[in-house]
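As structure tokens, the structure follows; a few thoughts come after it.
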Amino acid sequence: MTQASNAKIPVTIVTGFLGSGKTTLLRHILGNAEGRRIAVIVNEFGELGIDGEILRGCGIGCDDEGNEREGALYELANGCVCCTVQEEFLPVMLQLAERRGDIDAVIIETSGLALPKPLVQAFQWPDIANIFTVDSVVTVVDGPAAASGQFAENPEAVDEARRADPNLDHESPLHELFEDQLSAADLVVLNKTDLMDDAARAKVEALVREELPPEVKIVAATEGRLPLALLLGQGRAAEATIHLRESHHDHEEDHDHDEFDSLVIELPPVDRDGLLAVLGKLVEQHTIYRVKGFVAIPGKPMRLLVQGVGRRFDHHFDRRWRDGEAQRTRLVFIGEDLDEVVLRKALEEVSAVAA
């Protein structure tokens, strides 16, 4: 499959809240590309290149020997794309434009804290407007998280969530962010439906539908497994109509993420069960929205990938430690008013047990 020289390169923007499953969806797309030559831009919030590492760990952007191919994976690690777009986004897109004959499509996975509308508007810039078009904005929704009432305007749902989680006892900017990600969507993927019953799924679909125009479809998925014909090739040219989609930040000159903290904690090898127990307690005691990172377990030749959103943590060994690679634990926390000293002290107790 080749991209016609006079056709614009379609760009799919994958957005969604922290832990919704964007990277899993991307892995599914690239694992079933069927000859499509797809350039990937991975954007992150925070200092740790975890998402890029996850993608490389499954062979994306690597040759047959497992070596990274230069230019196959772009990571924009200095904040969200819409914040750094003038510094990093344009140069990357111009690099891709120079290789337009080698590319059939581009996928941008935004940070979980990113506002999609400014990114879509960037495709109106003269330097790239004649080369790229936003094929669609795909917003991934964490079904179980939304079902818990964390993003609901319904007071009963909010009260229920507050009773279940003291961290939600304050007014949070996350709800507005959730709405803004939906307002830009051309397609909504309701993810993790295998973890929901019919009543929870209907509740979330109703919640999401309130934020969408009738023509935007909601599709259910487990681990992002959907036909590529549904995800790619929508032909929306979203940059031409994005100004019609209202968001909470339309009248702001700029935006920042001062409400959120992002910090990285590095540790020696730790006890796995102890770590998961401590992380669970920390999430209950602090306003932590997202935890992810790589963990070294004493005596294990494999590194442990840990990802958590809210109180739910997933973990599995993703690959062997490479020769000469420091077997260290590195965790990134995203939340509000995070106290690094307190978090580090709790985690160091786990490493002391491991020692």
For the pair Val270 and Val295, evaluate side chain to side chain contact (heavy atoms under 4.5 Å, CB included) and give the outcome as yes or no after the intermediate values. CA-CA 7 Å; Val270 300; Val295 179; 3.4 Å; yes
Item checked: Intermediate values then yes/no, side chain to side chain contact (heavy atoms under 4.5 Å, CB included), Gln285 and Lys281 -> CA-CA 6 Å; Gln285 298 166 356; Lys281 292 180 180 179; 4.2 Å; yes
Apply side-chain hydrogen bond (donor to acceptor under 3.5 Å, both in side chains) to the pair Thr23 and Glu109, showing each step before the final yes or no.
CA-CA 7 Å; Thr23 300; Glu109 179 197 348; 2.7 Å; yes
For Arg209 and Glu205, what are the C-alpha separation, side-chain angles and deciding distance, and is it a salt bridge (Lys or Arg N to Asp or Glu O under 4.0 Å)? CA-CA 6 Å; Arg209 176 50 63 190; Glu205 287 184 352; over 6 Å; no
> So Val306 and Lys292, side chain to side chain contact (heavy atoms under 4.5 Å, CB included) or not? Walk me through it.
Replying inline: CA-CA 5 Å; Val306 174; Lys292 58 181 176 179; over 6 Å; no
- Task: Check the pair Thr15 / Val137 against side chain to side chain contact (heavy atoms under 4.5 Å, CB included), numbers first and verdict last.
- Result: CA-CA 7 Å; Thr15 186; Val137 176; 3.9 Å; yes
Review point. Could you go step by step and tell me if Asp104 and Arg36 meet the salt bridge (Lys or Arg N to Asp or Glu O under 4.0 Å) rule?
Key: CA-CA 6 Å; Asp104 296 314; Arg36 296 176 179 87; over 6 Å; no
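The shortest side-chain heavy-atom distance between Ile265 and Val332 does not fall under the 4.5 Å cut-off. Within the 4.5 Å cutoff, side-chain heavy atoms of Val141 are placed close to those of Leu182. Contact check for Leu279 versus Leu347: side-chain heavy atoms found under the 4.5 Å cut-off. Side chains of Phe294 and Leu305 form a contact here, defined as non-hydrogen atoms less than 4.5 Å apart. At a threshold of 4.5 Å between non-hydrogen side-chain atoms, the residues Asn191 and Asp142 do not count as touching. Side chains of Val264 and Leu331 form no contact here, defined as non-hydrogen atoms less than 4.5 Å apart. Val219 has its side chain out of reach of Val188: every pair of non-hydrogen atoms, C-beta onward, lies at least 4.5 Å apart. In this structure, the side chains of Leu25 and Val138 come closer than 4.5 Å at one or more pairs of heavy atoms.
Electrostatic pairing of Glu325 and Arg320 does not count as a salt bridge here, judged by no charged N lying under 4.0 Å from a carboxylate O.
Atom CG of Leu267 is separated from atom CD of Glu349 by 11.5 Å, given to the nearest 0.5 angstrom. Here CG of Leu343 is found 11.0 Å from CD of Glu348. Values are rounded to the nearest 0.5 Å. Atom CD1 of Ile38 is separated from atom CD1 of Ile107 by 4.5 Å, given to the nearest 0.5 angstrom. How far CG of Asp339 is from NZ of Lys345: 11.0 Å, rounded to the nearest 0.5 Å. Between atom CG of residue Leu226 and atom CG of residue Leu232 there is a gap of 11.0 Å, rounded to the nearest 0.5 Å.
Taking both residues in full, the closest heavy atoms of Pro144 and Leu195 are given as CG-CB, 3.8 Å, listed atom of the first, atom of the second, then distance. Taking each heavy atom of Ile103 and Ala39 in turn, the nearest pair found is CD1-CB, 4.2 Å. Of all the heavy atoms in Ala185 and Thr139, the pair that sits closest is CB-OG1, 3.3 Å. Residues Lys22 and Ser20 approach most closely at CG-OG, 3.5 Å, considering heavy atoms. A pairwise comparison of heavy atoms in Glu239 and Ile242 identifies O-CG2, 3.7 Å as the closest pair. The shortest non-hydrogen separation linking Met302 to Trp321 is O-NE1, 3.3 Å.
Annotation: salt bridge (Lys or Arg N to Asp or Glu O under 4.0 Å) contacts of Arg344 (sequence neighbours excluded): Glu340. Applying the side chain to side chain donor-acceptor pair (under 3.5 Å) test to Gln234 and every residue at least two apart in sequence or in another chain returns Ser136, Arg236. Qualifying side-chain contact (heavy atoms from CB on, under 4.5 Å) partners for Lys217, counting only residues two or more places apart in sequence or in other chains: Leu187. Remark: Arg225 pairs with Glu223 by the salt bridge (Lys or Arg N to Asp or Glu O under 4.0 Å) rule, at least two apart or across chains. For Arg272, the salt bridge (Lys or Arg N to Asp or Glu O under 4.0 Å) criterion is met by no residue, not counting sequence neighbours. Remark: Asn32 pairs with His28, Leu228 by the side-chain contact (heavy atoms from CB on, under 4.5 Å) rule, at least two apart or across chains. Listed by chain and number, the residues in a side-chain contact (heavy atoms from CB on, under 4.5 Å) with Asp197 are Ala199, Ala200 (sequence neighbours excluded). Remark: Asp135 pairs with no residue by the salt bridge (Lys or Arg N to Asp or Glu O under 4.0 Å) rule, at least two apart or across chains. Among residues two or more places apart in sequence or in another chain, the side-chain contact (heavy atoms from CB on, under 4.5 Å) test is passed with Ala97 by Ile131, Phe132.
Using a distance-only test at 3.5 Å, with no hydrogens or angles considered, no donor-acceptor pair links the side chain of Lys192 to the main chain of Ala221. Checking side-chain atoms of Arg303 against main-chain N and O of Arg322 turns up no donor-acceptor pair under 3.5 Å.
Under the side-chain contact (heavy atoms from CB on, under 4.5 Å) rule, Val134 has a single partner from Val120, Thr241, Leu119, which is Val120. Test Ile9, Thr12, Ile13, Val40 against Val106 for side-chain contact (heavy atoms from CB on, under 4.5 Å) and you get one pass: Ile9.
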